[in-house]
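See below for the structure under consideration.
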Amino acid sequence: MPKSFYITTPIYYVNDRPHIGHASTTVWADVQARYRRMLGAKTLFLTGLDEHGMKVQQAAEKRGVSPQQHCDEMAPHFQSLWKTLNISNNAFIRTTDSHHKKVVQDFLSKLHAAGQIYKKKYHGWYSRAAEQFVTEKEMVDGKFPAHLGEVIELEEENYFFKMSAHQEWLIDYIKKNPEWIRPENRRNEVLGTLQRPLEDLCISRPKARLAWGIPIPFDPEYVTYVWVDALVNYISAIGYGEDRFNECWPADYHLIAKDILTTHCVYWPTMLHAVGLEMPRCILAHGWWLFRDEKMSKTLGNIVNPLNLIGRFGADAVRYFICRELQLGTDTDFSEERFLQRFNADLANDLGNLVNRSLSMLQRYRDGVVPEAGGEEKFDEELKQSINETYGAYRSAMDQVKYGLALESVWKLVTRGNRYVDENAPWKLAKEATASKRLDTVLNHLVNTVAHLARFIAPFMPSIASKIESQLLTPGLLDKRNERLEVFYVGALTAEFFQVIPTGHKIGKPEPLFPRQAKE
Ligand code: MSP
């Protein structure tokens with residue numbers, strides 16, 4: 001049986017409600033999952049919640065409730081946001097699930113039995129916000145960076161994983177697999193970290209200091225370090241230790257942002273290597289949303305609530321903005337003006353207008369019935385050429401999770417379509433008795449261009465795509481296993497593939513897709 005395409009997001013801390021940063025990685029993963037399904041791949045898309053650890057324990061204490069109650073009350077905020085955002089995950093994990101706890105314990109026992117764990121006394125600095133021991137090397141101008149929050153001095157006896165023993169192997173693996181950590185600047189960052197000797201990883205916390213965690217199976221006085229617990233979610237959710245595990249592992253993509261690069265590119269691979277598991281195929285870290293030049297984060301309290309944006313602009317517009325603006329290699333400033341600009345220009349004006357005027361003219365001039373196309377002229381060839389190019393550019397950008405590029409290529413086609421309308425001026429053709437055949441061709445080409453566009457945008461804006469599908473009255477146009485999607489695999493756009501909507505088909509009533517928004 002072919003392996004399923006398997007994609008993950010980080011599992012988010014439940015110390016607070018989700019913000020636009022969490023929504024962004026989840027949307028990125030969703031777009032990829034929808035794209036793979038569109039290509040016919042069996043796809044497992046996992047997201048979930050990281051519910052143990054100090055942060056969550058403290059958040060619960062602050063609210064005067066038990067940690068479990070706190071988690072149970074926070075989880076619905078995430079789940080309902082994913083629903084509102086049309087997230088199509090088909091697996092959801094909470095680290096307090098009993099199955100997950102058991103797998104974490106099995107995993108630790110395996111590491112222990114393999115001689116990969118030992119106990120020692122440790123003295124050092126600890127960041128509560130990152131739930132990590134940090135070193136003085138991370139200080140800038142004598143201070144720890146703001147996103148680490150409060151950093152305290154600590155002395156403790158703990159269990160350690162022999163991470164340092166895997167350093168040479170890891171460096172070699174990264175060098176031999178240039179596409180493994182993406183983008184390249186992040187890969188270089190990891191290689192840079194690995195130039196210094198790796199320290200062993202503290203994988204336990206004394207119960208006396210932190211009670212809210214998974215007990216270490218070989219010592220009841222300790223709980224598991226939250227990052228070890230959390231990373232194991234990627235295998236516990238797909239049945240590690242059972243036959244079904246091999247249907248999904250190795251993961252095709254672990255999507256993260258750059259803040260959790262070390263945990264995913266150093267801790268996780270060395271842990272997997274230590275128990276002899278295959279590596280995930282790609283760890284892809286996008287940049288951060290900044291807010292007035294600082295990382296947007298709960299710790300810093302400068303967050304944008306996605307629900308406000310969704311309320312005003314709709315989930316699809318938010319999804320579009322996240323994919324169009326958030327970058328792989330660099331950080332992006334989040335600005336509402338920019339959002340409004342994109343909404344009015346790209347969505348309402350370019351895409352919305354093309355779809356609406358194409359369908360309206362077909363209604364007005366041909367009663368909504370798709371006419372037969374005739375002799376090809378220069379403009380027609382150019383339009384088809386543009387669709388053909390879009391397929392190629394879109395396919396390769398999507399395969400690599402380069403959404404900015406994929407959308408750029410689609411919007412080139414949107415622009416081309418709008419130009420095609422202006423070049424052919426159907427309203428003029430409609431007035432000339434001798435131009436009737438030409439008008440047929442133009443209307444046919446426009447409605448088919450709209451159908452192709454609906455498919456291109458479907459992973460990004462699933463509701464808008466299905467609105468187009470219903471205005472076209474073409475159920476099945478966006479079907480996951482629609483054979484016509486095979487067009488992705490052919491080099492040239494043949495007439496057969498161009499003509500998505502058959503001649504004689506009657507479309508429905510056009511409605512505006514994006515009502516224009518003024519600044520509040
Ligand atoms: N619980 C850990 C992850 C464990 S994964 C095995 C954690 N949780 S978190 O709630 O802090 O989420 C971090 C992730 O949220 C980032 O890696 C990123 O995916 C997303 N984002 C949080 N803030 C962000 C920005 N300001 N910008 C973009 N994405 C951000 O770390």
Side-chain angles (χ1 to χ4, degrees), residues 7-30 46-56 59 71 74-75 77-78 81-82 87 93-96 100 103-104 107 127-132 146-149 186 213 224-237 251 253-269 271-272 280 283-306 318 321-323 325-335 401 403:
I7 186 162
T8 67
T9 72
I11 49 172
Y12 306 109
Y13 287 129
V14 291
N15 53 336
D16 211 338
R17 296 181 185 205
H19 64 69
I20 194 86
H22 308 123
S24 300
T25 315
T26 311
V27 165
W28 270 45
D30 186 59
L46 170 72
T47 185
L49 301 174
D50 193 352
E51 302 192 325
H52 290 125
M54 188 69 90
K55 274 187 189 210
V56 175
C71 294
M74 290 308 291
H77 291 296
F78 286 84
L81 177 61
W82 301 156
I87 301 300
I93 188 162
R94 295 179 55 184
T95 52
T96 50
H100 170 77
V103 174
V104 169
F107 191 85
S127 152
R128 286 202 175 127
E131 300 242 26
Q132 253 169 315
H147 74 265
L148 291 177
R186 300 295 159 232
T224 310
Y225 169 41
V226 68
W227 265 105
V228 172
D229 168 349
L231 288 162
V232 170
N233 96 86
Y234 298 135
I235 57 173
S236 72
Y253 279 108
H254 284 324
L255 289 197
I256 58 170
K258 62 174 190 174
D259 47 333
I260 51 179
L261 194 66
T262 307
T263 51
H264 282 77
C265 301
V266 180
Y267 297 6
W268 183 225
M271 281 160 61
L272 289 169
I283 303 154
L284 188 126
H286 60 68
W288 283 336
W289 283 119
L290 302 181
F291 195 75
R292 300 199 181 101
D293 293 334
E294 274 200 289
K295 184 193 174 218
M296 199 187 282
S297 80
K298 289 179 284 202
T299 313
L300 298 176
N302 57 354
I303 57 170
V304 169
N305 184 344
V318 175
F321 185 74
I322 287 171
C323 294
E325 289 281 309
L326 189 69
Q327 304 293 314
L328 251 187
T330 51
D331 295 339
T332 312
D333 217 23
F334 188 94
S335 110
V401 199
Y403 296 150

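In each ligand, atom 1 is the first atom listed, and ligand 1 is the first ligand listed.
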Pairs of nitrogen or oxygen atoms closer than 3.5 Å, one from [X] and one from ligand 1: do any exist?
{"X": "Asn233", "value": "no"}
{"X": "Ala257", "value": "yes"}
{"X": "His264", "value": "no"}
{"X": "Gly287", "value": "no"}
{"X": "Trp289", "value": "yes"}
{"X": "Trp288", "value": "no"}
{"X": "Thr25", "value": "yes"}

- Message: Against ligand 1, does Trp227 come closer than 4.0 Å with any heavy atom?
- Response: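 Yes, that is the case, since the closest heavy atom of the residue is under 4.0 Å from the ligand.
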- Message: Check for me whether Tyr234 has a heavy atom closer than 4.0 Å to any atom of ligand 1.
- Response: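 Per 4.0 Å heavy-atom rule, Tyr234 contacts ligand 1.
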- Query: So, do His264 and Tyr234 have ring centers that fall under 6.0 Å from each other?
  - Reply: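 Yes, ring centres under 6.0 Å apart.
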- Task: Indicate, with yes or no, if the rings of Tyr13 and Phe78 have centres closer together than 6.0 Å.
- Result: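 When the ring centroids of Tyr13 and Phe78 are compared, they turn out to be at least 6.0 Å apart.
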- Rounded distance (nearest 0.5 Å) linking atom OG1 of Thr95 with atom CG of Asp50: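 Answer for the OG1-CG pair, Thr95 versus Asp50, is 5.0 Å.
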Residue pair [X] / [Y], side-chain donor-acceptor N/O under 3.5 Å:
{"X": "Trp268", "Y": "His254", "result": "yes"}
{"X": "His77", "Y": "Asp16", "result": "no"}
{"X": "Thr96", "Y": "His52", "result": "no"}
{"X": "Thr26", "Y": "Tyr12", "result": "yes"}
{"X": "Trp289", "Y": "Ser24", "result": "yes"}

What atoms in ligand 1 come closer than 4.0 Å to a heavy atom of [X]?
{"X": "Asp50", "value": "1 (N), 2 (C), 4 (C)"}
{"X": "Ile260", "value": "17 (O), 31 (O)"}
{"X": "Asp259", "value": "13 (C), 16 (C), 17 (O)"}
{"X": "His286", "value": "28 (C), 29 (N)"}

- Would you mind telling me if ligand 1 is within reach of the side chain of Leu255, the backbone, both or neither, using heavy atoms under 4.0 Å?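 For Leu255, there is no contact with ligand 1 at all, from either part.
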- Task: Have a look at Gly21, Ala230, Pro18 and point out the one with the heavy atom closest to atom 29 (N) of ligand 1.
- Result: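 Nearest heavy atom to atom 29 (N) of ligand 1 lies in Gly21.
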- Under the side chain to side chain donor-acceptor pair (under 3.5 Å) rule, collect the residues that match up with Tyr225, sequence neighbours excluded.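 So Tyr225 forms no side chain to side chain donor-acceptor pair (under 3.5 Å) with any residue.
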- Message: For a 4.5 angstrom cut-off between non-hydrogen side-chain atoms, does Trp28 reach Ile7?
- Response: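 In short, these two side chains do not touch, never coming nearer than 4.5 Å.
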